[in-house]
2 protein chains.
Amino acid sequence: MPAQAAARQAQKERTHEALLHAALELSRRYGFAQISLRQVAGRAGVVPTAFYRHFDSMEQLGLALVEQSFATLRRMIRDAQRDPHVFDHIIDASAEILVDAVKQNRAHFDFVARERVGGSPAVRRAIQHELDLFVSELAIVLARLPHIETWSSEDVQMVARLFVRNMVSHAEEVADLPDGRPDLEERIKDGARREMRVIVIGFRDWRSAARRDDDR
Amino acid sequence: MPAQAAARQAQKERTHEALLHAALELSRRYGFAQISLRQVAGRAGVVPTAFYRHFDSMEQLGLALVEQSFATLRRMIRDAQRDPHVFDHIIDASAEILVDAVKQNRAHFDFVARERVGGSPAVRRAIQHELDLFVSELAIVLARLPHIETWSSEDVQMVARLFVRNMVSHAEEVADLPDGRPDLEERIKDGARREMRVIVIGFRDWRSAARRDDDR
DNA sequence: GATTTGAGTGCACGCGTGTTCACTGAGCGA
DNA sequence: TCGCTCAGTGAACACGCGTGCACTCAAATC
């Protein structure tokens, strides 16, 4: 065993984490479906067969990465909701949160964005399911907002869907960004802000137009 | 040689097409980056080494598929522009065109949607470039529309970007659809229609709100 | 009709892969 | 201190891969 002064369980956990981290890094470069068990084990500093002490297969590792990624995402949203600023300026705050969060957890976002349509069917399905869940969760948050609380749940769901789609799309952009170009980051943040504004305004006015149709 | 009554060039072309078609079909199931030269050759009814008579590598085949896919897409848009109905009801027509086109060229759309963020860097870059081109082309078409012709080119570009993003997103949905479920197709068509309406209305009103800001 | 061309063949190679199995030796409970 | 547990080892395997090379033999050219 490489390490010297460590409890048994702690060492196992460390290797477990090293495997996940290695897979995440390699996925960023080549895409999850392209990387091999041996590459992951090698980068984690462990012999290929040791991999099986932690995961049954690469597929299981992939699903673990999905879980880890969405845990990050959820923690982020939960923190954001505690900030009262968010309620007053939902759009500006969302754009800020989005870009910052993606920057800080670039690897996880990149993984989700890529493997959402990637080559591993199991991982793809898991991400799609998590995203659907996330849309519903966001809809619940939105429904509590002033003005929106009177909307039908179907309408709120649709706005949430547009928001999440936008989030995924911009997350892709940020993830593709080279490091140390704050100007480009600001540009994306600005684009996200404007597009969210368009969605909110468009939705409000489309709704009132539809209501007028109902009246006549 | 398998075929009997064919000129030499015609037979070569047929094999060439068979390779492209085989790659497209296999990509649909496994993703382009996962499939091997041998699989493609095998499905095209040809020995692996014969592959090299047509493409230098799988990467070159991938780029050829990108070209083919966008040629399909462009032909479609060009045809649509000839239909006067499109100018009057741009949104309804777009939704209709989108769903029909994806249904009829599901393989190509699926390829683009998937490999846009797929495992082959060269293919990914090529698709991203074509998509950027497509946004600009759509912006030119939109700019000629009534009401829109007064907008700044930057604003038109942004609407085009939102439209294309929506198109890609819905193309993904349609491509994932099981066959023979016209109800689901109609649902997606409806969603696309409503979302495009939201974008157009939201943009118009956001623009006039901004103009009011300039005035004061 | 003889000669050239070139699409498709068949074999061989070295390599990286996932998985098997018997093993080692440090950590930990008795 | 003894003995069990089990994370990590290392050799071996069968397999599919991309690619090189010498080949065949019908179509095209002369």
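A, B, ... follow the sequence lines: proteins, then strands. Residue 1 opens every chain.
For B/Thr49, counting side-chain heavy atoms from C-beta on, the closest listed nucleotide (C/dT20, D/dT9, D/dG20) is D/dG20. If you check C/dG8, D/dG18, C/dT19 against the side chain of A/Arg38, the one that comes closest is C/dT19. Set against D/dA26, D/dT9, C/dT19, the side chain of A/Val47 has D/dT9 as its closest nucleotide. The side chain of A/Pro48 lies closest to C/dT19, out of D/dG8, C/dG8, C/dT19. For B/Val46, the listed nucleotide lying nearest its side chain is C/dT9; candidates were C/dT9, D/dG18, D/dT9.
We find that NZ of B/Lys12 is positioned 8 Å from P of C/dG8, with the value rounded to whole Å. Going from atom CG of B/Leu37 over to atom P of C/dG8 covers 14 Å, rounded to whole Å. B/Arg8 has its CZ atom 7 Å from the C1' atom of D/dA26, to the nearest Å. The separation between A/Asp56 atom CG and C/dG18 atom P is 15 Å, rounded to whole Å. One interatomic measurement links the two molecules: CG of B/Leu19 to C1' of C/dG8, which rounds to 11 Å at whole-angstrom precision. When rounded to the nearest whole Å, the span between CD of B/Glu13 and P of C/dA7 equals 12 Å. The CZ-P distance, from B/Arg53 to D/dA22, rounds to 13 Å in whole Å. Atom P of nucleotide C/dG10 and atom OH of B/Tyr52 are separated by 17 Å, given to the nearest angstrom.
Taking the six-membered ring where the residue is Trp, B/Phe70 and B/Phe134 present perpendicular rings, their angle passing 60° and hence far from 30°.
A/Thr15 has a side-chain polar atom (N or O) that falls below the 4.0 Å cut-off from OP1 or OP2 of D/dG8. Considering only side-chain N and O atoms, B/His16 lies nowhere under 4.0 angstrom from the phosphate OP1 or OP2 of C/dA7.
For the salt bridge (Lys or Arg N to Asp or Glu O under 4.0 Å) with B/Glu172, the qualifying choice from B/Arg114, B/Arg106, B/Arg116, B/Arg165 is B/Arg116, the only one to do so.
Taking 4.0 Å as the cut-off between side-chain N and carboxylate O, A/Glu186 and A/Arg193 count as a salt-bridged pair. One finds a salt bridge joining A/Arg197 and A/Asp92 here, because a Lys/Arg side-chain nitrogen approaches an Asp/Glu carboxylate oxygen to under 4.0 Å.
Nearest-nucleotide mapping onto DNA chain D: of B/Met58 and B/Gln9, the residue sitting toward the 5' end is B/Met58.
In this structure the side chain of A/Phe51 reaches within 4.5 angstrom of the side chain of A/Leu61, judged on heavy atoms.
When heavy atoms are screened at a 4.0 angstrom cut-off, B/Gln39 is found touching the sugar-phosphate backbone but no base atom. Residue contacts shown for A/Ser57 are absent, as no nucleic acid heavy atom lies under 4.0 Å away.
A donor and an acceptor atom never sit less than 3.5 Å apart when one is taken from the side chain of A/Ser36 and the other from the base of C/dG18.
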